[in-house]
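Note on naming: letters A, B, ... go to the chains in the order of the sequence lines (proteins, then strands), and numbering restarts at 1 for each one.
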4 protein chains.
Amino acid sequence: MPIKKGEKYIQILDAAVKEFAENGYHRTQVARIAKEAGVADGTIYLYFESKEDILVSLFTEKMGDFVDKLKQKLANVNGFREELRTLITHHLEVLGANPAQAMVTQIELRQIDPWINQGISGPLKSYFKVIEEVIRSGQDEGLVCKSLDVRLARKMLFGALDEVVTCWVMTDKKYELVSLADPIFEILESAFCKNK
Amino acid sequence: MPIKKGEKYIQILDAAVKEFAENGYHRTQVARIAKEAGVADGTIYLYFESKEDILVSLFTEKMGDFVDKLKQKLANVNGFREELRTLITHHLEVLGANPAQAMVTQIELRQIDPWINQGISGPLKSYFKVIEEVIRSGQDEGLVCKSLDVRLARKMLFGALDEVVTCWVMTDKKYELVSLADPIFEILESAFCKNK
Amino acid sequence: MPIKKGEKYIQILDAAVKEFAENGYHRTQVARIAKEAGVADGTIYLYFESKEDILVSLFTEKMGDFVDKLKQKLANVNGFREELRTLITHHLEVLGANPAQAMVTQIELRQIDPWINQGISGPLKSYFKVIEEVIRSGQDEGLVCKSLDVRLARKMLFGALDEVVTCWVMTDKKYELVSLADPIFEILESAFCKNK
Amino acid sequence: MPIKKGEKYIQILDAAVKEFAENGYHRTQVARIAKEAGVADGTIYLYFESKEDILVSLFTEKMGDFVDKLKQKLANVNGFREELRTLITHHLEVLGANPAQAMVTQIELRQIDPWINQGISGPLKSYFKVIEEVIRSGQDEGLVCKSLDVRLARKMLFGALDEVVTCWVMTDKKYELVSLADPIFEILESAFCKNK
DNA sequence: CATGAATGAGTATTCATTCAT
DNA sequence: GATGAATGAATACTCATTCAT
């Protein structure tokens, strides 16, 4: 039962983001992470169950923050349109501001054996829930058609954002990710709102 | 240089789809594929450069067909709306009809080291090109706003479809994938067409 | 240099017998012994030099008692035959009464690297000495042939007893070990005494 | 399912005896055995399941021979006394002639986790069976008391021989093991035969 | 073309032991 | 004396790939 707190926990996580983003998950040795974090190899295993657990924890840890912050922002905003805009902007801002993090989330995380990586589904689901709530609030507001399949809409919205970020990560992040917020907003707004 | 055709080539590819879909890419040993295909271990390397090449070839091979067929269908259809509908339906039909194939494409393919998997970008790009042409034809037709960023729209469209298929694959394929064609079409039509 | 006495010393030794007998020497972690003993990992090393030292001490500690008690019993007995009987009975009684102890002595102790385990030879030698004295007293008494190689006889006697106990330990201790004292005595008596 | 035959199988086994006898089981690395055998590390695992399997196979392989040869010798001999003498001599001869082998059998083999080493019990049992048959033939012949517990006698006989060999191995094999055959025979004959 | 025995590079993980508190 | 977080050495085993036949 690893210790999920403490200074060393953070050090290791930080070192891991750096190494994973730089060399990829499979090419990164645990010993390398330890060195970068300034701890002994064995110390890693006081805080994580396995190399894979580091990657999953990386995601879980950040995803918790991500959703919490998003919820806060949504609480300060009124109406479906603003909520949608907030959601999109938040997604792009956060990932755009942390390229290494984004790299790991978009690329490396998907290299884990899906038979094992149930670990990421929890935090991800809570994000999905928030997205669905936003869409549903649009329905309540009368802006979004009641007959819209909310789950389907969520998948499409998330998939669209996700692909945009992935492409950005893979093209060496040449442009400002957040600059895409407006055009994306307009497309998604059209997609979901009835008579614009 | 490997022989990229012949009876054994097909046998190996078929064995690989089966094994990858069943056990995942990393958990599948080359020896296992050879056994399933009824050939010797070494024979694999007469037809493929590496284990990874099998996975990539799997994708390339099918993606070629996929795009060819799609182009044929699009040639027989008039107007952006029908083209879009054809695109979506084709995507869902083909993947929905080949669950094992879909499993490999959606899940296993993403486990390859991105530093190496440039192999898939070729065939994928030709699909992207078709998608962009469809959107552009919508602009020419006056249905889609000229100011729409076609590449961005393509990413979102593809991302949306891709996520829908991934979710379907991961939920044990309980429903008919193609049954989602209509609702998806309506959302994407709204997304891209001006005043509906 | 470790403190070879005190309450904690006993606690650790007791915990070790339990764990070794239950899981075997190699499968037992020092941390586990510490936990079972209710002390910190590091505390172990205030009382023992190494994991191996625990096992060796276990043996030494008990072997000291074993030989002392045996000597006392022998002092109260007259004649080779009674001495031999006493020796056999003592061996079977003590080990039969402490199955966990016997398990460790007969099985686990032999898993130690013989390049290091000189530690056990001391206490064992004093037992061997007692056995040899008993045999020699038989010679003095005229019951045992003078030409008998006492060291050889000792090895055979000890080996015979040892194997009997090992078999008992490995067959889940289904019968009373001490019940074998009589038949064993008769065989060994015949073995060593001239014309019975 | 490892290949239990072939030239390489023998090479590896020979290399293993040498290394185990020289450095002990735990101190011997698999890579070292491979080097000594002139094969690649991985090749070991084509012929053996694990490092432990090498040690067990070592014993099994030789024990088969040992028992077969013993049976042949016994077939050419008449009467309990000669059979017993044959048994003892064979035991001492074979082990005395192969000190490295004896080292491994008497010392290293016992370092294997008894929870796993069921592998050795088979071949050993067939030896036990032969010993018991010899004793039983003595009973049939009228030389050994019918009331003697044959299994107990076997354990004592085997334990006695075993301990003698172990002592010999551990004292740097300074004397000829087989020279002990006569005195041992006399002791065991007295032990089991009624009126000498 | 086909074979499959042989190769050997590559590394996550364990756990006895230490030492600063 | 006691603690327990931190250490880091140590290595069996896998499996994609090759090549002699």
Atom CD1 of I12(A) and atom P of dA6(F) are separated, to the nearest Å, by 9 Å

H26(C) or G38(B): which one's nearest nucleotide on DNA chain E is closer to the 5' end?
G38(B)

Output the single nucleotide from dT17(F), dT11(F), dA6(E) whose closest atom is nearest the side chain of Y45(B).
dT17(F)

Quick check for you: among dG4(F), dG8(E), dT17(F), whose closest atom lies nearest to any side-chain atom of A40(D)?
dG8(E)

Which heavy-atom pair separates T105(A) from R110(A) by the least distance, and what is that distance?
O-NE, 3.6 Å

For V30(D) and D41(D): C-alpha separation, side-chain torsions, deciding distance, then whether side chain to side chain contact (heavy atoms under 4.5 Å, CB included) applies.
CA-CA 7 Å; V30(D) 172; D41(D) 292 20; 5.6 Å; no

Give a yes/no on whether any side-chain N or O of T43(A) is located under 4.0 angstrom from OP1 or OP2 of dT7(F).
yes

Return the 5'-most residue of the pair T28(B), A31(D) with respect to DNA chain F, ranking by each residue's nearest nucleotide.
A31(D)

Select base, sugar-phosphate, or nothing to describe what I3(C) touches, counting heavy atoms under 4.0 Å on all strands.
sugar-phosphate

Is the phosphate of dG1(F), meaning OP1 or OP2, less than 4.0 Å from a side-chain N or O of K8(C)?
no

Checking contacts here: which listed nucleotide (dC13(F), dT7(F), dT7(E)) is nearest the side-chain heavy atoms of V39(D)?
dT7(E)

Ranking dA12(F), dT17(E), dT3(F) by distance to the side chain of K51(D), first place goes to dA12(F)

Base, sugar-phosphate alone, or nothing: which one does F48(D) contact when heavy atoms must sit under 4.0 Å apart?
nothing

Verify side chain to side chain contact (heavy atoms under 4.5 Å, CB included) between I54(B) and Y47(B), making sure each step is shown before the conclusion.
CA-CA 9 Å; I54(B) 303 176; Y47(B) 293 89; over 6 Å; no

Please confirm whether K51(A) makes a cation-pi placement over Y25(A), using NZ or CZ under 6.0 Å from the six-membered ring centre and within 45° of the ring normal.
yes

Among dT3(F), dT11(E), dA2(E), which nucleotide has an atom closest to any side-chain atom of Q29(A)?
dT11(E)

Closest-nucleotide ordering on DNA chain F, the 5'-leading residue of I44(A) and Y25(B):
I44(A)

Which string of ( ) [ ] | and . matches DNA chain E, if you list each base 5' to 3' and count Watson-Crick or G-U pairs only when both distances are under 3.5 Å?
.||||||||||||||||||||

Would you list the atom pairs, donor with acceptor, under 3.5 Å between side chains in residues 4-12 of chain B and any protein atom, with sequence neighbours excluded?
residue : atom : partner : partner atom : Å
K4(B)   : NZ   : D53(B)  : OD1          : 3.2
K4(B)   : NZ   : D53(B)  : OD2          : 2.8
K4(B)   : NZ   : S57(B)  : OG           : 2.6
Y9(B)   : OH   : E61(B)  : OE1          : 2.9

Closest to the side chain of V30(C), out of dA2(E), dA6(F), dA16(E), is dA16(E)

May I have the distance from L46(A) (atom CG) to dC15(E) (atom P), rounded to whole angstrom?
13 Å

Regarding the side chain of D41(D), the nearest nucleotide among dC1(E), dA9(E), dT17(F) is dA9(E)

